[in-house]
S.K.: 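Got a structure here, written out as structure tokens. Questions coming.
One-based numbering, in listed order, for ligands and for the atoms of each.
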Amino acid sequence: MAVVRVIGRDGGTQNLNVAGGGQLMDALRDANTGVQGTCGGMMSCGTCHVYVDPAWADRLPPKSEDEAAMLEAIGELVELRPTSRLSCQIAVDDGIDGLCVEIAPSF
Ligand code: FES
């Protein structure tokens, strides 16, 4: 279980209690944050894009080449930031308790 602080597209914030063992994308989608996760976590849609709080950027496992490539692919459609991540690639465990993410704009 982890508590994740979520900044919505409207600027509102909420704290989500997220069960461990899955991917953050699922919790964000189920909480109606606007994350769609259309591809189900296969790194082929980019609709799970979030901006990770810079304070957390180095505390998460680094991006894989495939994740970086998917982010690059959506970069022409939506603003990318140095802390852009695919939330389907953020595993939920106790180590992310306190994580803060902002939901990126839809495209
Ligand atoms: S759910 Fe499709 S890229 Fe993350």
S.K.: Is Glu102 paired with Arg9 through a side-chain N to carboxylate O contact shorter than 4.0 Å?
M.R.: no
S.K.: Take atom 2 (Fe) of ligand 1 and tell me which protein N, O or S atoms are nearer than 2.8 Å.
M.R.: Cys39 SG, Cys45 SG
S.K.: For atom CD of Gln14, decide whether the heavy atoms of other residues, nucleotides or ligands shown that lie under 6.0 angstrom number more than 12.
M.R.: yes
S.K.: Connecting only ILVMFWY residues whose side-chain heavy atoms lie within less than 4.5 Å of each other, what is the rest of Met43's hydrophobic cluster?
M.R.: Tyr51, Met70, Leu71, Ile74, Leu77, Val78, Leu80, Leu86, Phe107
S.K.: Would you say the side chains of Ser87 and His49 form a donor-acceptor pair under 3.5 Å?
M.R.: no
S.K.: Looking at residues at least two apart in the chain, or sitting in another chain, which of them share a side-chain hydrogen bond (donor to acceptor under 3.5 Å, both in side chains) with Glu67?
M.R.: Arg85
S.K.: Side-chain heavy atoms under 4.5 Å apart, restricted to Ile/Leu/Val/Met/Phe/Trp/Tyr: what other residues fall into the cluster of Met1, or is it alone?
M.R.: none
